[in-house]
Amino acid sequence: MSKYEKLAKEIVKNVGGADNVNSLMHCVTRLRFDLKDESKANDEVLKNMDGVVTVMKSGGQYQVVIGNHVPEVFKEVNKVGNFSSESAKGVTGKKKSIKEIVLSFISAALAPSAAVLCASGMLKGVLAILTTFDLMSAENGFYILLSGIADASFFFIPVLVGYNAAKKLEMNLHLGMAIGLALCYPGINGADLSIFGQNYNVTYTSTILPVIFTVILAAYAERFFNKHLSAMIKNFVTPLLVLLFVVPIGYLLIGPVANAVANMLSTALIGINEFNPIIAAAAIGGLYQVMIVFGVHGVFVLTVYMNILNGIPDPNYAALGVASFAQTGVLFAIWLKTKNKKLKDIALPAAISGIFGVTEPGIYGITLPRIKHFVVACISAAVAAAVGAIFGTKVYTIPGMGIFKLPGYINPDDATNSLIIALLVMILATALGFVGSYFLFKDSDYGDDTKSEFAKKDEKGTLKKEEINSPVKGQAIPLSEIKDETFASGILGKGVAIDPTEGEIHAPFSGTVLSLFPTKHAIGLVSENGCELLIHIGLDTVKLNGEHFTAHVQQGDSVSKGDLLISFDREKIEESGYILETPVIVTNFSDYIEVITSNKKQVSEEDVLITALV
């Protein structure tokens, strides 16, 4: 079994199974599912799964945030689900809004090629440095070769986008590429053509929208021809008819309109910046992380791409480029300030990841749950972006991520100054985030301080233990025997399940309410000694949306052993068809030498249910 195979199986299972998946792609940190019915996905299980940072629903996609190793997980999920462009076909159970469809399509058309475009942009930046410092001549043969390599992805971007769009639309991938190639053909780009009495002189190299809309039309045409042509001839006649009818329409009608739309968007963004570049930069820099959280940053990036491909240095991308550094500074401050070992262990890798532009693990795992520090990152990015605008920072080619953004900021006409200013703005964003969070962060604000005192021996040198009483009266069941494979496998934690005979959940120890799910069917606690416990009332009861449950505490409340936490109506829940087997699990079991469960069959609130040895 590979490293991520087990995780992949659990992900496929909890998004509703392979049959519930229309399509799957991934970006830098997320698996992006297009599900037939999102209600079949088990959000809470996925969010609490080891190896998953969180779950987001945005832009018509069900996004499972993984982190830096998402490519490896993506491969395993594809194997487990046997996904391909053909195997994921199906009718969606929930009709998506126009906004969701557009956002999903834009992401699918651009995201798979983003890494190649970033790499090409970085190479262009490096070449600018080489010529500025007279390390290589622009007439040098090797320079010309590298310059051609760097420019190729941007020049022929319609080919890349055509392939991606065709894959999203489940049409012939090579036909999508052929449409992109046709739109880039030198003989018809920038040439004076007289067709049907009209004169045309258009260019589609280095454009995005013309090929997207042309491939959309081609997908419908391909389906029509395949439906009405004989199986004997459609394999070669369908591509012929699509190229013959659709590409001319794309060239003569769709392309000019799409280019006009692109120019309008570009002019609008540049106009906003020209109205007040400092305010515009502060707004873009400060809000970009919020765009990431809601998954709508792709549309903004699309317009920036169009500017750069049209040879327009873009100040907006320069503004959003500082956001990752502000987040990184915050993460470094939290790592340095916290005394909580577990938080330290996740904050440092998240901060290092942020240096290279991947901030989702830090956002979802650390700063967003500690919202004050997410705000610090946004404000720091806004201030640094505004300072950058004062000095006129812009990007001249599509940059990489994080520290690799630097080459994109290099002005070929003033490489030294533009590079120094960009570097100083990035340092400023990092410093502001670090200082703000360093002075504001307190473990006690989030209950993190209670987690740093366990894992110690008593004065005699013997191992300490954490005793956890049963939170409810009922019959104890080995966790491995319950009817939920995720809990039964122990992937979420170690413990025991209880089939309750009463409808009240009581605090099994004194501590803090770490999380209370909006549906009230589950509660997370942390003891005074740092033991993290999840009590999940019933199986799949999240679907009740809180009906038949009453919470008597709130998230962040301090509780004493025996306090009433949640009451529920056993009879009505069972009448609704749900099983009330209630897992009680230690989620930070890896912090303990051993987690021992009671061998009693019948338990009550007075009985020790779990003993965790430190």
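For this chain, numbers begin at 1 and follow the sequence in order.
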Between Asp19 and Lys36, does a salt bridge (Lys or Arg N to Asp or Glu O under 4.0 Å) hold up when you go through it step by step?
CA-CA 8 Å; Asp19 291 339; Lys36 297 174 185 176; 5.9 Å; no
Ile477/Asp499 under side chain to side chain contact (heavy atoms under 4.5 Å, CB included): CA gap, chis, key distance, verdict
CA-CA 7 Å; Ile477 306 169; Asp499 188 1; 3.9 Å; yes
List the steps, then state whether side chain to side chain contact (heavy atoms under 4.5 Å, CB included) holds for Leu31 with Phe33.
CA-CA 6 Å; Leu31 295 173; Phe33 289 93; 3.9 Å; yes
Between Asp43 and Tyr62, is a side-chain hydrogen bond (donor to acceptor under 3.5 Å, both in side chains) present by the stated rule, with each step listed?
CA-CA 10 Å; Asp43 299 355; Tyr62 190 89; 2.5 Å; yes
Checking Glu222 against Asn172 for the side chain to side chain contact (heavy atoms under 4.5 Å, CB included) test, could you report, in this order, the C-alpha distance in whole Å, the side-chain angles of both residues, the deciding distance, and whether it holds?
CA-CA 8 Å; Glu222 181 188 54; Asn172 185 320; 3.1 Å; yes
Mind running side chain to side chain contact (heavy atoms under 4.5 Å, CB included) on Val15 and Asn20 for me, showing each step along the way?
CA-CA 7 Å; Val15 296; Asn20 193 39; 5.6 Å; no
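Between the Thr214 side chain and the Val211 main chain, no donor and acceptor come within less than 3.5 Å of each other. The closest donor-acceptor contact from the side chain of His536 to the backbone of Gly538 lies under 3.5 Å. Side-chain atoms of Asn588 come within 3.5 Å of backbone N or O of Glu532 as a donor-acceptor pair. Lys344 places a side-chain N or O within 3.5 Å of a backbone atom of Trp335 that can act as its donor or acceptor partner.
We find that Glu10 and Lys6 are not joined by a salt bridge, their nearest charged nitrogen and carboxylate oxygen being 4.0 Å or further apart. For the pair Glu76 and Lys79, the salt-bridge criterion is met [side-chain N within less than 4.0 Å of a carboxylate O].
Residue Ile157 comes nearest to Thr207 through the heavy atom pair CG2-O, 3.3 Å, listed as atom of the first residue, atom of the second, then distance. Residue Leu243 comes nearest to Ala178 through the heavy atom pair CD2-CB, 4.3 Å, listed as atom of the first residue, atom of the second, then distance. The minimum heavy-atom distance between Ala522 and Leu534, with the atom names listed, is CB-CD1, 4.3 Å. Smallest separation of non-hydrogen atoms from Ala18 and Gly81: CB-O, 3.8 Å. The two residues Leu173 and Ala166 come nearest to each other via the heavy atoms CD2-C, 3.9 Å.
Asn226 and Thr238 share a side-chain donor-acceptor pair at under 3.5 Å.
Listed by chain and residue number, nothing satisfies the ring pair (Phe, Tyr, Trp, His ring centres under 6.0 Å) test with Phe589 (two or more places apart in sequence, or in another chain).
For the atom pair Ile596 CD1 and Ile468 CD1, the distance stands at 11.5 Å (nearest 0.5 Å). Atom CG of Asp540 is separated from atom NZ of Lys543 by 4.5 Å, given to the nearest 0.5 angstrom. Residue Tyr578 holds its OH atom at 11.0 Å from NE2 of His521, rounded to the nearest 0.5 Å. The line from CE of Met49 to CG of Asn42 is 8.0 Å long, rounded to the nearest 0.5 Å. Rounded to the nearest 0.5 angstrom, Phe156 CZ and Ser206 OG are separated by 9.0 Å. The distance from the NZ atom of Lys47 to the OG atom of Ser515 is 10.5 Å, given to the nearest 0.5 Å.
Of the residues Ile498, Thr582, Leu544, Ile523, the one that meets the side chain to side chain contact (heavy atoms under 4.5 Å, CB included) test with Ile537 is Thr582.
Aromatic ring pairs are classed by plane angle as parallel below 30°, tilted from 30° to 60° and perpendicular above 60°; the pair Phe245 and Phe225 is tilted. Using cut-offs of 30° and 60° for the angle between ring planes, the His228 and Phe224 rings count as tilted.
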